[in-house]
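Structure record follows, encoded as structure tokens.
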Amino acid sequence: DFYSALFVVPLALYVVYREKKWLVIAGWIALSTILEVVRTGIGGIFLATSFFLFFYYKLKSAPWLFGLVILGISAVFFIPDVHNKMFLNESQSLSSMSVSSMNFENIQSNGREIIWKYNLARFFDPNPMIGAGLGESMEYTKNNFTVKLIHNDYVQILCDMGLIGIILFGVFFLVTILKVMVRTWSNASNNLVRLSGAMVLGSCAGTFFSMMFDNVISYTQQCFVIPFIFIGIFLKAIDLQAQGGDDI
């Protein structure tokens, strides 16, 4: 979770200083996630890198994004540890994949969907608007499942705070992300604004992905703070540009 949120930092430092050591550091950071085959971390780092490149370099990032997609597909199907941890059917191959087979039922989820199903039925379904209250789903999961965490922040928000909670959460970040996107792609923005905006979008993409399969808010809460730090840097960069401050 931390690597997904922070991975944009060495990428941004490389953009500023053009020193290859920052790319080496980025690769070193990713190694533990890759070698331990942490799927959430791998997906989060992939999305963080992709969003950072796309929103800073725009269409010039297309070759890099294509290369990342090829590397990701190759890792899933041709690295045995990653492949076996990804699919329920270990014989699943790239040639046998089809549109109909690309669904959650073929993915090894380690029982997460059962936990989500029981929690939603117990806490969300009876009170879909307001949920059951903070902490209810976490306590239930801790006392009734071998896996002590829900491993999905969105399910937990729905269970504890209902549709009101998830809508408020979504509206806040949607408005924020849209503002960042507009200013990042604006020709009127300087390099500092564009770079800090790309960091926001990359960090948010990695963090929001991690929230789908982990408990970022309730378990690694310090990680959830990181995108807000980058949002603060981005807003300060806008102020500095308005004041005529130095660019990078």
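In what follows, every heavy atom counts, from backbone to side chain, and hydrogens, waters and symmetry copies are set aside.
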The complete set of salt bridge (Lys or Arg N to Asp or Glu O under 4.0 Å) pairs with one or both residues in residues 10-28, sequence neighbours excluded, reads E19-K21

Going by side chain to side chain donor-acceptor pair (under 3.5 Å), name the pairs with one or both residues in residues 192-207, residues two or more places apart or in two chains.
N191-R194

Pairs in or reaching into residues 222-231: which pass side chain to side chain donor-acceptor pair (under 3.5 Å), with residues at least two apart or in two chains?
none

Is it true that a side-chain atom of D214 and a backbone atom of V216 form a donor plus acceptor pair closer than 3.5 Å?
no

Hey, could you give me each pair passing side chain to side chain donor-acceptor pair (under 3.5 Å) that has a residue in residues 154-173? Not counting sequence neighbours.
S137-D160, Q156-N215

Spacing of CD1 belonging to I42 relative to OG1 belonging to T33, to within rounding of 0.5 Å
7.0 Å

Correct closest heavy-atom pair for L201 and F55 would be CD1-CG, 3.3 Å

For the side chain of S189 and the backbone of R183, is there at least one donor-acceptor N/O pair under 3.5 Å apart?
yes

Could you measure the distance from the OG1 atom of T40 to the CD1 atom of I45? Nearest 0.5 Å is fine.
11.0 Å

Same apolar cluster: I70 and F51, side chain cutoff 4.5 Å:
no

Distance-only, no hydrogens or angles: does the D1 side chain make a donor-acceptor pair with backbone N or O of C223 under 3.5 Å?
no

Determine which pairs satisfy salt bridge (Lys or Arg N to Asp or Glu O under 4.0 Å) with at least one residue from residues 127-148, sequence neighbours left out, and list them in order.
none

Between N144 (side chain) and Y140 (backbone), is there a donor-acceptor pair under 3.5 Å?
yes

Linking Ile, Leu, Val, Met, Phe, Trp and Tyr through side-chain heavy atoms less than 4.5 Å apart, which residues share a cluster with M138?
none

Looking only at non-hydrogen atoms, find the nearest pair between A26 and L11 and report the distance.
CB-CD2, 4.4 Å

Compute the ring centroids of F173 and F228, then answer whether they are less than 6.0 Å apart.
yes

Using modelled atom types only, decide if a donor and an acceptor are shared between the side chain of W116 and the backbone of I150 within a distance under 3.5 Å.
yes

Applying ring-ring contact (aromatic ring centres under 6.0 Å, His included), which residue pairs with at least one partner in residues 56-76 are found, sequence neighbours left out?
none

Is there a donor-acceptor pair under 3.5 Å between the side chain of N152 and the backbone N or O of V155?
yes

Applying side chain to side chain donor-acceptor pair (under 3.5 Å), which residue pairs with at least one partner in residues 164-182 are found, sequence neighbours left out?
none

N/O donor-acceptor pairs under 3.5 Å from side chains in residues 229-236, not counting sequence neighbours:
none

Return each pair, listed once, that meets ring-ring contact (aromatic ring centres under 6.0 Å, His included) where at least one residue sits in residues 11-36; pairs must be two or more places apart or across chains.
none

Considering only Ile, Leu, Val, Met, Phe, Trp and Tyr, and joining two whenever side-chain heavy atoms are under 4.5 Å apart, list the other residues clustered with V182.
none

Which residues share a side-chain hydrogen bond (donor to acceptor under 3.5 Å, both in side chains) with N119, sequence neighbours left out
T141

Drop me the distance from I114's CD1 to Y118's OH, to the nearest 0.5 angstrom.
7.5 Å

